[in-house]
Structures are given as structure tokens and as C-alpha cells.
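These notes are about the structure you will find just below.
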Amino acid sequence: MNKMLPFIPVAAALAFSPAFAAVGTYYTPHFDARLMVVYTNTMDVGTGNVMLVGDSNTEMFRPTDVSTCHIVNAGLAGARISDVAERADALAEMQKPVIAHIMVGTNDALTNLKSSAGGKPEWDAMGDNIGKIIDAFKSRGAIVVVWSLPPPGESLAPRDNFEYIDALLAKVADSKGVKFENSWDEGMVTADNVAAPGWLIHDDTHLSPKGQEVRAKRMKRVDDRLLKRYGAKCSK
């Protein structure tokens, strides 16, 4: 297990100031602090484990182990796809995970932007940034899993943003030859494609403890299958 890690990846990640402007100054210290947490977590458990890359739904994820692997939680609350893309190389270099779960896009959906056909540059660059995140981890040898967005609650509109981003995540994952995971099972999604009562907290955005439990169980099944398929092992 590699306990000695260079500080360079963290320093490089902290240097990405342009992304902070997209989400406001509130997130600047938070992103910095989270990157240091990821770095110290990796120092503790070693490289070659499972890394979760995403926004607040990922940061709020509580399990520290999945099957035979430690979880290194690289969730950045408030992050859009572009913010994660700016830091993907540094995060991938820190952990060099066996499996990387990419769970991004909810904050982009919540901006209520129109589709790329409306000429919004944020949407136009979104696919490229998803690809950049995937490439950062694939280039370090990780098995990459891209997740669909957690189903939104009834109060969130327009829901077509969520559908658009899910379709884009699936398209980019397919083009990069990585797994796209969209199985939110166990009664979590209604016929109207929204979260059933009890699966989200009051803001209709973040997974409840019950919802996080479903994600943890699903992730364990996915990881066990991938580790067996590729004959891979974590450093735990």
C-alpha cells in the first residue's frame, strides 16, 4: 500500500481558479478543503482503491467500504461538470483508483439552462468535459463507471434538463467504452420518472439515507462484478 504521495497533484488542483467563478466564491474554500480531505484519505488507505467523483450527493455518501475495497470520497458539493473536469487529472493522479465512479450533472441540471440547441456555451462544452473526466481516470488504468443522475423530486423543473444530461452521460460513456449505470431500482423511481416519496430529503435533490443505501447496494454489486470480470483487486 502506497502511503507516500507527492503533494503536487493537490497543489495543481488548488491552482484551478477559473472554475470557482462558475459557482461563486462560497465554493472556493470548500473545494480546496475537500481536495485536501481526498489527499489525506488516500495517504491513509493507499492508492488503488475505489474513488467516487461527483457533487454533494457524492460528498454526502457515508459508506467507507464497498466489498473488498476502501472508498475514497471525492465528492465536491456545488460542483458542476466543468468544475470536476478541471480537477479530474489531479484527483485521478492522487488515487489511481481501480474503479472510478463518475456521478456528475445534477448542479448543471438545476441551472434551468436550455438545451445546447439554444446556444448556451455551458451545454455545448458539457460533453467534452464529461469525456475529460473519463479520460483522466482511464489514462491511470481505472475501470470507469458513469452514473445517471439521481431521479429528481416532484418540485424540480424543468425535468427535461435531467433527461438531457442523462442522455449525454450515456452517449459519452458509450463513445469512451465505459459502463453507464442507470439502474435506480427497488421502487425508487415512479412512472413519471421522478423519485418516489422517501427516497430524497426535503429539497427534492439529495438522496435520503434510504436512497443512499440503495446506491451503496447497487455500487457493491457493480464493483463485485467488475473486479471479477477484470481480475482486479484493490489495495485494501
List the steps and the verdict of side chain to side chain contact (heavy atoms under 4.5 Å, CB included) for L207 and W199.
CA-CA 6 Å; L207 294 170; W199 295 102; 5.6 Å; no
If we ignore hydrogens and angles and just use 3.5 Å, is the side chain of N161 paired with the main-chain N or O of D108 as donor and acceptor?
no
Check ion pair D224-K220 (N to O, under 4.0 angstrom):
yes
Judged by modelled atom types alone, do N129 and S82 share a side-chain donor-acceptor pair under 3.5 Å?
no
Minimal heavy-atom distance between A109 and I165, with the atoms involved, is N-CD1, 3.4 Å
Test salt bridge (charged side-chain N to carboxylate O under 4.0 Å, His left out) applied to R140 and D89, step by step
CA-CA 9 Å; R140 272 82 175 185; D89 272 314; 2.6 Å; yes
R80 and D83 have their tightest heavy-atom pair at N-OD2, 2.8 Å
Result for side chain to side chain contact (heavy atoms under 4.5 Å, CB included) between V144 and one of H101, K176, K138 points to K138
Indicate if V194 and Y164 have the same hydrophobic cluster label, given that clusters are the connected sets of ILVMFWY residues with side-chain heavy-atom separations under 4.5 angstrom.
no
Got F137 and M51 here, is their nearest side-chain heavy-atom distance under 4.5 Å?
yes
Would you say H206 and L200 make side-chain contact, with heavy atoms under 4.5 Å?
no
When rounded to the nearest 0.5 angstrom, what is the spacing between CG in L91 and CG in L52?
11.5 Å
Under 3.5 Å: donor-acceptor pair, side chain of R62, backbone of M60
yes
With rounding to the nearest 0.5 angstrom, report the CZ to CZ distance, R87 to F31.
5.5 Å
Should D44 and T42 count as side-chain neighbours, where that means a heavy-atom distance under 4.5 Å?
no
Backbone N/O of N73 and side chain of R34: donor-acceptor pair under 3.5 Å
yes
Non-hydrogen atoms of A92 and P97 that approach each other most closely
O-CD, 4.0 Å
List the atom of I71, the atom of P63, and the distance in Å for their closest heavy-atom pair.
CD1-O, 3.6 Å
How many angstroms lie between CD1 in I134 and OG in S139, if you round to the nearest 0.5 Å?
12.0 Å
Report yes if the side chains of M103 and D55 come closer than 4.5 Å at any heavy-atom pair, otherwise no.
no
When you measure from the side chain of K96 to the backbone of E93, do you find a donor-acceptor pair of N or O atoms at a distance under 3.5 Å?
yes
A77 backbone acceptor or donor facing E59 side chain under 3.5 Å
yes
Evaluate side chain to side chain contact (heavy atoms under 4.5 Å, CB included) for Y230 paired with L226, printing each intermediate quantity in order.
CA-CA 6 Å; Y230 291 98; L226 290 174; 3.9 Å; yes
Compute both the distance and the angle, then confirm whether R215 meets the cation-pi test with W147: under 6.0 Å from the six-membered ring centre, within 45 degrees of the axis.
yes
Are the side chains of K233 and T68 in touch, meaning some heavy atoms are under 4.5 Å apart?
no
Would you say I102 and V145 make side-chain contact, with heavy atoms under 4.5 Å?
no
Compute whether any side-chain donor of one residue and acceptor of the other, for H70 and Q95, lie under 3.5 angstrom apart.
no
Using the rule that Ile, Leu, Val, Met, Phe, Trp and Tyr join whenever any side-chain heavy atoms are under 4.5 Å apart, tell me whether F180 and L149 fall into a single cluster.
yes
Apply the test side chain to side chain contact (heavy atoms under 4.5 Å, CB included) to residues L110 and N107: give CA-CA distance (whole Å), side-chain angles for both, the deciding distance (0.1 Å), then the verdict.
CA-CA 5 Å; L110 292 174; N107 288 313; 4.3 Å; yes
Between N49 and G46 (side chain of the first, backbone of the second, donor and acceptor by atom type, cut-off under 3.5 Å), is there such a pair?
yes
From I99 CD1 over to K179 NZ, what is the distance, rounded to the nearest 0.5 angstrom?
11.0 Å
Would you please test L227 and V98 for side chain to side chain contact (heavy atoms under 4.5 Å, CB included) and show each step?
CA-CA 9 Å; L227 291 172; V98 171; 3.8 Å; yes
With clusters defined by side-chain heavy atoms of hydrophobic residues (ILVMFWY) lying less than 4.5 Å apart, directly or transitively, does V37 cluster with M43?
no
Are any of the side-chain heavy atoms of D223 and C69 separated by less than 4.5 Å?
no
Got a donor-acceptor contact below 3.5 angstrom from the D166 side chain to the S148 backbone?
no
Between V172 and M126, is any pair of side-chain heavy atoms under 4.5 Å apart?
no
Separation between NZ of K132 and CD1 of I81, rounded to the nearest 0.5 Å
13.0 Å
Between N41 and V72, which heavy-atom pair has the shortest distance, and what is it?
OD1-CA, 3.6 Å
Going only through I, L, V, M, F, W and Y residues with side-chain contacts under 4.5 Å, is there a path from I143 to V222?
yes
